[in-house]
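Side-chain atoms are counted along with the backbone in the values below, which use heavy atoms only and exclude waters and symmetry mates. Below, chain A is the first sequence line, B the second, and so on; all start at residue 1.
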2 protein chains.
Amino acid sequence: MKASSSTSKPSAKYHHGNLRQTLLAAAKQMIAADGIESLSLRKLADKVSVSRTAAYHYFDDKNDLLCAIASDGFRQWQQLLKQSEQQNQTERQKFEKYLVNYMVFATHHPEEYELMFGRCIWKQAKCTEELQTIAHGTFQHQVDMMAYWQSIGLVVGNNPLRTAQIIWGTLHGIAKLFIDGVYVDDTRAEEIVKSALPMFLVPKD
Amino acid sequence: MKASSSTSKPSAKYHHGNLRQTLLAAAKQMIAADGIESLSLRKLADKVSVSRTAAYHYFDDKNDLLCAIASDGFRQWQQLLKQSEQQNQTERQKFEKYLVNYMVFATHHPEEYELMFGRCIWKQAKCTEELQTIAHGTFQHQVDMMAYWQSIGLVVGNNPLRTAQIIWGTLHGIAKLFIDGVYVDDTRAEEIVKSALPMFLVPKD
DNA sequence: CAATCAATCTTGACACTGTCAAAATGCTGG
DNA sequence: CCAGCATTTTGACAGTGTCAAGATTGATTG
C-alpha cells in the first residue's frame with residue numbers, strides 16, 4: 001500500500017496516479033543533475049519508488065523514454081519561439097533574439113538539447129514517430145523564417161535551405177562546444193553568438 | 001600456448017607481440033564499423049583473441065583507451081594539416097582548403113571525430129594529459145592561423161580568438177549535424193561548407 | 001645452466017545495466 | 001461479490017566495466 005492514500009494528492013487516484021508523467025519529470029531532473037549517460041531505468045524506478053520494470057508499461061524502451069523527453073524539449077522550444085515572435089520588434093531585433101534564444105535554451109537545458117539534436121537518438125535511427133514529426137516541424141519553421149528574412153533583405157544569401165543549414169550549423173556548433181565542455185565558460189555563449197551576428201546580415205547600404 | 005609460434009609473424013615475439021597497438025587498431029576498426037557506443041572491452045578482447053582484462057595492462061580504463069584513440073586522431077589531423085599547408089597556393093585557396101579538409105576529415109572519420117571533440121570524453125572531464133596537450137595545441141594552431149588570415153585582410157573580424165571560435169563552431173556544427181544523422185546526405189557536406197565560405201571572407205574592394 | 005624475477009596474461013568475482021516472461025496486485029463494471 | 005482488465009512486481013538472463021588474485025612466460029643473474 002502506498003502512503004498517498006485517501007485524498008492527499010488530487011492526481012493520485014489509481015495505482016500510482018499518473019506514473020508516466022512522474023517518470024518523465026523524475027528522468028528530466030536526473031539527467032539535468034547527472035547527465036544522460038548516468039540515467040538508468042533502475043535508478044529512475046528507485047527514485048519514483050516503483051519496481052524496476054514498471055516503466056515498460058508506458059515506454060517501449062529506454063530509448064522510447066528518451067525520445068519522449070526530447071519531444072517535450074521541442075515543445076518547450078517551440079513555445080519559447082512563439083512567445084518571442086509576438087514581441088513588438090524590428091525584424092533585425094527578432095533575428096538577433098532568435099539567435100540568442102537558441103543559445104540560451106541550449107546552454108540552459110544541455111541534456112535535453114543533446115537528446116533533441118544529438119547522436120544518442122538520431123544516430124542510431126531509433127527515433128519515435130512523434131519525435132520525428134515535431135522535430136521536422138521545427139526544422140521547417142527555421143527554414144521558413146530564414147526564407148522570410150532573406151526576402152526582406154535582412155539575411156545574406158538567396159537559398160533559404162542552404163542558409164538555414166549554415167546558420168543553424170553555427171548555432172549548433174557553438175552550443176555543442178559549450179555543452180560538451182570543449183569551451184568552458186558558459187556565460188560567454190551569448191557574447192560569442194552576438195559577435196557572429198554581423199556575418200549573417202546583409203551590410204547596410 | 002598460442003598458435004602463432006616460431007617465426008610466422010615478424011612482430012609476434014613476446015607473449016602477444018605488441019598488444020597495445022593491436023588493441024588500438026582493432027578498437028578503431030570496431031568503432032568505425034559499429035560506432036563508439038557498441039564497443040565493449042570484452043568484444044575487443046575477443047576479437048584480438050585475448051582475455052577480457054588483458055587491456056588493463058596498457059590502459060587504465062576504457063576511457064583511457066578512448067583517449068588514446070582520440071590522440072591518434074589529433075595526430076592524423078595535424079599531419080593532414082601540415083601536408084595541406086605545404087601546397088603552393090594563395091592564402092585564399094589555403095583557407096578554403098582548410099575548411100574543406102576539416103569537413104572531409106570529420107565526415108570520413110566520424111567516430112574518431114566524436115572522440116576528439118565530443119561529449120564522450122570532454123564532458124566527463126576524464127581527459128588524459130596527453131590528449132589535453134595535443135588537443136590544446138591543435139586549438140592554438142587554429143587561432144594562430146586565423147590571426148594571420150585576419151592580419152592580411154583575408155578573413156573578417158579583428159579578434160582572432162573570437163573569430164576562430166565562430167568559424168570552428170560553424171564547421172563543428174555542420175559536421176556534427178551530419179555525423180549524428182540529423183542531416184542525412186554526407187556527400188553534401190563539402191558543398192555546404194563551400195557556400196558558407198563567403199560569410200567569412202572580407203569582401204573584395 | 002638453473003633459479004629467481006618481473007612483465008604479461010587469465011580466471012574468478014562483483015555490482016550494475018536493459019529487458020523479457022510470468023506472476024501478483026488492485027480497480028471497475030456487471 | 002466476482003470476473004476481467006489495467007497496472008505493477010518478481011524472477012531471470014545476458015551483457016557490461018573493473019578489481020583482486022593467480023598463472024604463465026621471457027629475461028636476468030648467480
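- Between Lys194(B) and Glu96(B), the closest side-chain pair of non-hydrogen atoms falls below 4.5 Å.
- Electrostatic pairing of Lys123(B) and Glu111(A) counts as a salt bridge here, judged by a charged N lying under 4.0 Å from a carboxylate O.
- For residues 27-36 of chain B, proximity to DNA chain C is found at no residue, defined as any non-hydrogen atom under 4.0 angstrom from a strand atom.
- Salt bridge annotation for Arg119(A)-Glu114(A): absent, with no cationic side-chain nitrogen under 4.0 angstrom from a carboxylate oxygen.
- Within the 4.0 Å cut-off from OP1 or OP2 of dT16(D), at least one side-chain nitrogen or oxygen of Ser40(B) is found.
- Between the NZ atom of Lys126(B) and the C1' atom of dT18(D) there is a distance of 13 Å, given to the nearest Å.
- At a cut-off of 3.5 angstrom, counting only N and O atoms as typed in the model, there is a donor on one side and an acceptor on the other between the side-chain of Thr53(A) and the base of dT10(D).
- Taking 4.0 Å as the cut-off between side-chain N and carboxylate O, Lys82(B) and Glu85(B) do not count as a salt-bridged pair.
- Salt-bridge formation is detected for the pair Lys28(A)/Asp72(A): a Lys NZ or Arg NE/NH1/NH2 atom is positioned less than 4.0 Å from an Asp or Glu carboxylate oxygen.
- You'll find the ring centres of Tyr183(A) and Trp168(B) inside the 6.0 Å limit.
- Here the two rings, on Trp77(A) and Tyr102(A), have centers that are under 6.0 Å apart.
- Summarising the geometry, the separation between NZ on Lys43(A) and P on dA15(C) is reported as 16 Å, rounded to the nearest angstrom.
- Among the heavy atoms of the strands lying under 4.0 Å from Leu39(A) are primed sugar atoms or P, OP1, OP2 only; no base atom is included.
- Applying the 6.0 Å contact sphere to NZ of Lys97(B) captures no more than 12 heavy atoms from other residues, nucleotides or ligands.
- For DNA chain D, the neighbouring residues in residues 56-64 of chain B, judged by any heavy atom under 4.0 Å, are Tyr56(B), Asp61(B), Lys62(B).
- Atoms CZ (Arg52(A)) and C1' (dT10(D)) sit 6 Å apart, rounded to a whole Å.
- Note: CD (Glu37(B)) to P (dT16(D)) measures 14 Å, nearest angstrom.
- Phe59(A) and Leu65(A) make their closest contact through CD2-CA, 3.7 Å (heavy atoms, listed as atom of the first residue, atom of the second, distance).
- Counting non-hydrogen atoms of other residues, nucleotides and ligands closer than 6.0 Å to CG of Asn158(A) gives a total of 12 or fewer.
- We find that CG of Leu44(A) is positioned 13 Å from C1' of dG18(C), with the value rounded to whole Å.
- For Leu41(B), whose side chain is taken as the heavy atoms from C-beta onward, the closest listed nucleotide among dT17(C), dT10(D), dT18(D) is dT18(D).
- Within 3.5 Å, no donor on the side chain of Arg42(B) pairs with an acceptor on the base of dG15(D), nor the reverse.
- Atom CZ of Arg188(B) sits in a sparse spot, with 12 or fewer heavy atoms from other residues, nucleotides or ligands closer than 6.0 Å.
- Of the residues in residues 110-121 of chain B, none lies under 4.0 Å from DNA chain D by heavy-atom distance.
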Could you walk me through whether Asn101(B) and Ser84(B) pass the side-chain hydrogen bond (donor to acceptor under 3.5 Å, both in side chains) test, one step at a time? CA-CA 9 Å; Asn101(B) 270 343; Ser84(B) 194; 3.1 Å; yes
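- Rounded to whole angstrom, the span from the CG atom of Asn18(B) across to the P atom of dA7(C) amounts to 18 Å.
- Remark: P of dG17(D) and CG of Leu66(B) are 10 Å apart, rounded to the nearest angstrom.
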